[in-house]
**Student:** 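Take a look at this one; I'll ask things after.
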Amino acid sequence: MDRTDTVPTTPAEPAPTDPPPAATPAEEPAPPRTPGWTPAALVVLLLGTALLYIWGLGASGWANSFYAAAVQAGSVSGKAFFYGSSDAANSITVDKTPASLWLMALSVRIFGLNSWAMLVPQALCGVASVGVLYATVKRWYGPVAGLIAGLVLALTPVATLMFRFNNPDALLVLLLVGGAYATVRALETASTRWIVLTGALVGFGFLTKMLQAFLVVPVFAGVYLLAAPTGLWRRVRQLLLAGVAVVVSAGWWVAIVELTPASARPYIGGSQGNSILELTLGYNGLGRLTGDEVGSVGGGGRMGGGGPFSGQTGLLRMFDGEIGGQVSWLLPAALILLVAGLLVAGRAARTDRTRAGLLLWGGWLLVTGLIFSFMSGIFHAYYTVALAPAVGALVGIGSTVLWQQRRPLPASSTGGEPAVGPLPGDKPAVGSMWQRWRPLAATATLAGTLAVTAWWAWVLLGRSPDWYPWLRTAVLVAGLAGAAGILLATRLPRWLVPVVLGVGAAAALAGPAAYALQTAATPHGGSIPTAGPSVAGGFGRGGFPGGQPPGGMQRPDGGQMPGGQRPEGGQRPEGGQNNGQAPSFPGGGALGGQASGGQAPGFPGGGRDGGQVPPGGGQGPAAGGGMGGLLNAREPSAALRELLERDSASYTWVAATIGSNNASGYQLATGDPVMAIGGFNGSDPSPTLAQFQRYVADGKIHYFLGGGGFRANGGSSASQEIAAWVAESFTAQTVDGVTVYDLSTPKAAS
């Protein structure tokens with residue numbers, strides 16, 4: 001044997017210009033060790049979350065009746081299921097893509113139409129979101145970080161609200177957290193399969209709530225492009241494939257809708273041209289940013305920097321009276337810990353996981369939060385549930401990373417400087433000065449973060465001064481005591497350190513937990529719900545300033561606000577002014593109120609029962625008053641329900657009325673299709689007057705019910721024209737306060 005056969009050889013190192021090879025599973029650092037108590041803690045977290053989200057779920061009834069009616073329709077009609085129609089006869093769709101409706105409609109098909117069957121899928125989306133967030137954070141940062149992240153998400157008040165409600169946000173959050181998990185898995189080994197799955201999940205998020213799902217796309221793509229352990233051009237190719245996955249998973253439904261003839265499908269609600277692309281790019285797209293939302297009831301851009309349903313725009317919007325108590329309890333902590341964590345990562349390697357994870361969740365928080373803060377179109381407080389996973393992840397990651405940094409670390413195996421931390425993929429820290437001050441800086445940052453969190457909770461709780469006032473003081477005292485204990489932790493007995501940490505955690509979470517419990521214990525309904533008690537200077541449970549709707553209107557959750565009845569006869573004070581209780585609306589109307597003399601200029605068909613009201617402020621007679629409103633539906637009386645159900649099988653629609661919420665109350669009560677003229681606001685051109693007249697002539701609609709609708713921002717006047725024609729052509733009767741026109745019997749015939 002040649003001597004050279006037994007001499008080990010050293011493989012040639014790759015040239016400096018060669019891209020680093022993709023990591024293989026064998027090369028990956030082992031995940032953080034999982035203590036034995038972790039499974040039990042996870043079970044407690046998930047069971048507690050399920051209890052919070054499911055207990056007493058049926059108290060909210062139909063919750064948002066706008067979506068509940070579409071769920072009912074989809075449970076009995078395959079066509080309505082696919083398109084997300086408001087009624088089973090498929091006159092018009094809701095103004096969103098329908099994926100969230102599919103889950104609820106499937107549940108209703110299995111278990112029957114009831115509140116639990118509709119809302120339990122939403123609650124399960126919440127439990128799954130907490131579990132997936134835990135798994136995502138734990139994978140790189142350990143079980144403690146994962147448990148903190150999941151607990152923060154579970155106890156965020158707006159998350160408790162949305163995971164007990166039937167808006168699309170519950171499924172959207174689950175899909176986006178799933179996308180973050182897939183991105184983390186892709187970053188570990190530069191996996192094409194996982195990054196394509198990220199694109200597919202985000203694309204399905206578009207089918208849930210349209211362009212809002214795409215806010216995380218630049219963050220996911222940017223972090224992968226930066227930190228994936230493979231060459232640059234391979235990363236680019238993989239992201240292009242992920243982009244294809246987004247287009248395919250989001251575009252198949254859009255393509256079918258756009259290619260189907262308008263006569264063969266329902267009208268696309270929220271659009272003025274019966275186009276899903278118009279809805280995507282206009283009313284639910286750029287219009288939300290600019291405020292130029294044709295057919296809406298007014299956004300921030302058109303109504304003085306906020307409008308009645310938007311709040312004031314600006315950098316501090318997420319902390320104001322309307323939004324603060326929904327999501328911002330730990331938002332200052334998340335921002336502080338994001339900056340501190342990035343400083344810890346320092347000049348680590350490109351693929352460093354500490355930095356990659358912080359950029360992933362920090363980018364999610366900053367991009368989404370800034371867009372929410374400055375969008376001038378319609379904005380509701382519950383949108384902020386999209387921030388909750390990022391806040392939870394940053395608090396979990398940042399607090400555990402800094403806690404590790406407060407301990408002196410052993411020197412590296414090469415005899416060089418100590419490592420920044422024990423997290424996989426970390427590189428040596430830079431500078432001996434940092435090594436000297438690192439434990440003190442980390443400890444001071446943790447203590448300062450807890451103190452700021454306690455102070456901010458004290459501020460938020462002070463906005464509801466009559467709601468458990470002792471809690472405000474207790475949180476502040478406990479938070480400051482916990483912060484002091486963290487500063488002194490190295491000098492405390494070892495057994496006392498967990499006590500200090502427990503006090504600090506309780507102080508940080510007591511405020512949001514109290515709000516979350518109050519939210520779970522309170523029924524919510526209508527189109528703009530909010531979490532927690534009413535706050536000074538903010539929106540209350542009904543989604544109105546101070547908790548009270550303008551003009552004495554009924555609250556969207558179906559309850560009456562104190563003093564919430566309109567003056568006798570339903571009139572506004574003399575002169576039609578709202579006496580400073582609500583902003584002015586287009587056409588001079590007020591939500592749920594009426595102008596002096598019984599006129600409601602802004603509400604087609606919105607006059608007093610049996611009255612003749614000029615639509616649009618004097619353009620001709622219109623059908624009179626009705627049951628529901630712009631933001632809520634009410635259950636019709638037994639007499640009215642009996643009337644609608646009479647001979648219902650002979651008609652395609654048992655009734656038609658203006659506005660989706662108005663129609664939803666009748667439809668949910670009877671189980672029969674009710675045409676929502678004009679869609680949500682009554683401002684869509686569906687149907688036109690000619691189409692409606694043809695439906696009536698063909699005997700497809702039995703009754704027209706007065707009330708509902710709103711003359712919106714540049715929308716169609718078709719609903720006003722229909723209401724005027726009905727009032728001229730048919731005889732009105734009043735049934736339990738609702739004006740009813742029998743469309744089978746014209747005036748001439750009677």
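Worth saying up front: this structure is predicted, and the values here are computed from it rather than measured. All heavy atoms count here, side chains included; hydrogens, waters and symmetry mates do not.
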**Student:** Less than 4.5 Å apart, any side-chain heavy atom of Tyr83 and any of Thr260?
**Tutor:** yes
**Student:** Which residue, Asp169, Val385, Thr530, forms the side chain to side chain contact (heavy atoms under 4.5 Å, CB included) with Val158?
**Tutor:** Val385
**Student:** Phe165 and His524: side chain to side chain contact (heavy atoms under 4.5 Å, CB included), yes or no, with the steps?
**Tutor:** CA-CA 8 Å; Phe165 211 69; His524 290 82; 4.0 Å; yes
**Student:** Would you find a donor on one side and an acceptor on the other, under 3.5 Å apart, between the side chain of Arg164 and the backbone of Ala520?
**Tutor:** yes
**Student:** Classify the ring geometry of Trp102 against Phe82: parallel below 30°, tilted from 30° to 60°, perpendicular beyond 60°.
**Tutor:** parallel
**Student:** Of all residues at least two apart in sequence or in a different chain, which pass the side chain to side chain donor-acceptor pair (under 3.5 Å) check with Ser648?
**Tutor:** none
**Student:** Within the distance-only criterion (no hydrogens, no angle test), does the side chain of Thr384 pair as donor or acceptor with the backbone N or O of Ala381 below 3.5 angstrom?
**Tutor:** yes
**Student:** Just wondering, are more than 12 heavy atoms of other shown residues or ligands nearer than 6.0 Å to CH2 in Trp55?
**Tutor:** no
**Student:** What's the spacing between Leu668 CG and Leu113 CG if we round to 0.5 Å?
**Tutor:** 6.5 Å
**Student:** Aromatic contact between Tyr703 and Trp653, with the criterion being ring centroids under 6.0 Å apart: yes or no?
**Tutor:** no
**Student:** Run the side chain to side chain contact (heavy atoms under 4.5 Å, CB included) test on Ser129 and Phe163 for me, step by step, so that the C-alpha distance in whole Å, both residues' side-chain angles and the decisive distance to 0.1 Å come before the verdict.
**Tutor:** CA-CA 10 Å; Ser129 297; Phe163 291 130; 4.0 Å; yes
**Student:** Can you list everything that forms a side chain to side chain donor-acceptor pair (under 3.5 Å) with Asp742? Sequence neighbours excluded, please.
**Tutor:** Ser744
**Student:** So, Lys700 side chain and Arg694 main chain: donor-acceptor pair closer than 3.5 Å or not?
**Tutor:** no
**Student:** Side chain to side chain contact (heavy atoms under 4.5 Å, CB included), that's the test. Do Leu201 and Leu175 meet it? Break it down for me.
**Tutor:** CA-CA 6 Å; Leu201 290 171; Leu175 290 169; 4.1 Å; yes
**Student:** Looking at every non-hydrogen atom in both residues, tell me the closest pair between Ala669 and Glu645 and how far apart they are.
**Tutor:** O-OE2, 4.2 Å
**Student:** Return the CG to CD1 distance between Leu281 and Ile276, rounded to the nearest 0.5 Å.
**Tutor:** 10.0 Å
**Student:** Output yes when a side-chain donor or acceptor of Ser637 lies under 3.5 Å from a complementary backbone atom of Leu640, and no otherwise.
**Tutor:** yes
**Student:** At what distance, to the nearest 0.5 angstrom, does CD of Gln122 lie from OG of Ser60?
**Tutor:** 12.0 Å
**Student:** Kindly indicate whether the side chain of Ser717, heavy atoms from C-beta on, has any atom under 4.5 Å from the side chain of Gln720.
**Tutor:** yes
**Student:** Between Phe680 and Phe66, does the ring centre distance come in under 6.0 Å?
**Tutor:** yes
**Student:** Return yes if some donor-acceptor pair links the side-chain N/O of Asn114 with the main-chain N/O of Trp116 below 3.5 Å, else return no.
**Tutor:** yes
**Student:** Do Asn662 and Arg634 pair up side chain to side chain, a donor and an acceptor below 3.5 Å, judged on atom types alone?
**Tutor:** no
**Student:** Which is it for Met162 and Asn167 under the side chain to side chain contact (heavy atoms under 4.5 Å, CB included) test, yes or no, and what are the steps along the way?
**Tutor:** CA-CA 7 Å; Met162 283 293 99; Asn167 280 24; 4.1 Å; yes
**Student:** Look at the side chain of Thr731 and the backbone N and O of Lys747, then say whether any donor-acceptor pair between them is shorter than 3.5 Å.
**Tutor:** no
**Student:** Under the 3.5 angstrom rule, does the side chain of Ser660 hit a backbone N or O of Gly679 as a donor-acceptor pair?
**Tutor:** yes
**Student:** Rounded to the nearest 0.5 Å, what's the gap from CG on Leu279 to CG on Asp684? Could you check?
**Tutor:** 9.0 Å
**Student:** Can you list everything that forms a side chain to side chain donor-acceptor pair (under 3.5 Å) with Ser664? Sequence neighbours excluded, please.
**Tutor:** Ser65
**Student:** Could you check whether any side-chain N or O of Ser249 sits under 3.5 Å from a backbone N or O of Ala200, counting only pairs where one atom can act as donor and the other as acceptor?
**Tutor:** yes
**Student:** Do the side chains of Phe692 and Thr688 get nearer than 4.5 Å, heavy atoms only?
**Tutor:** no
**Student:** Any idea which heavy atoms bring Gln518 and Thr522 closest together, and the distance?
**Tutor:** O-OG1, 2.7 Å
**Student:** Compare every heavy atom of Leu705 with every heavy atom of Ala655, then report the nearest pair and how far apart it is.
**Tutor:** CB-CD1, 3.8 Å
**Student:** Donor-acceptor pair, Ser271 side chain versus Ser275 backbone, under 3.5 Å?
**Tutor:** yes
**Student:** Taking the side chain as everything from C-beta on, heavy atoms only, tell me whether Val740 gets closer than 4.5 Å to Thr734.
**Tutor:** no
**Student:** Rounded to the nearest 0.5 Å, what separation is found between the NE2 atom of His702 and the CG atom of Asp647?
**Tutor:** 6.5 Å
**Student:** Would you check, one step at a time, whether the test side chain to side chain donor-acceptor pair (under 3.5 Å) holds for Asn64 with Asn166?
**Tutor:** CA-CA 6 Å; Asn64 189 340; Asn166 56 346; 5.1 Å; no
**Student:** Would you check, one step at a time, whether the test side chain to side chain donor-acceptor pair (under 3.5 Å) holds for Asn274 with Ser686?
**Tutor:** CA-CA 9 Å; Asn274 197 9; Ser686 170; over 6 Å; no
**Student:** Assess the pair Phe206 and Phe214: is the distance between their ring centroids shorter than 6.0 Å?
**Tutor:** yes
**Student:** How close do Ala73 and Gln667 get, heavy atom to heavy atom, and via which atoms?
**Tutor:** CB-NE2, 4.2 Å
**Student:** What I'd like to find out is whether the side chain of Ser85 reaches to under 4.5 Å of the side chain of Pro266, using heavy atoms alone.
**Tutor:** yes
**Student:** Please give me the minimum heavy-atom distance between Ala80 and Ala88, naming the atom from each residue.
**Tutor:** CB-CA, 4.3 Å
**Student:** With a cut-off of under 6.0 Å to the ring centre and 45° to the axis, is Lys209 in cation-pi contact with Tyr383?
**Tutor:** yes
**Student:** Testing the basics here: between Ile54 and Ala123, what is the closest heavy-atom pair and its distance to 0.1 Å?
**Tutor:** CG1-CB, 3.6 Å
**Student:** Between CG of Leu211 and OG1 of Thr280, what distance do you get to the nearest 0.5 Å?
**Tutor:** 6.0 Å
**Student:** If you define the side chain from C-beta out and look only at heavy atoms, does anything of Val76 sit under 4.5 Å from Phe81?
**Tutor:** no
**Student:** Compare all side-chain heavy atoms of Pro98 with those of Trp253 and state whether any distance is below 4.5 angstrom.
**Tutor:** yes
**Student:** With a 4.5 Å cut-off on side-chain heavy atoms, are Pro687 and Ile677 touching?
**Tutor:** yes
**Student:** So, Glu278 side chain and Gly273 main chain: donor-acceptor pair closer than 3.5 Å or not?
**Tutor:** yes
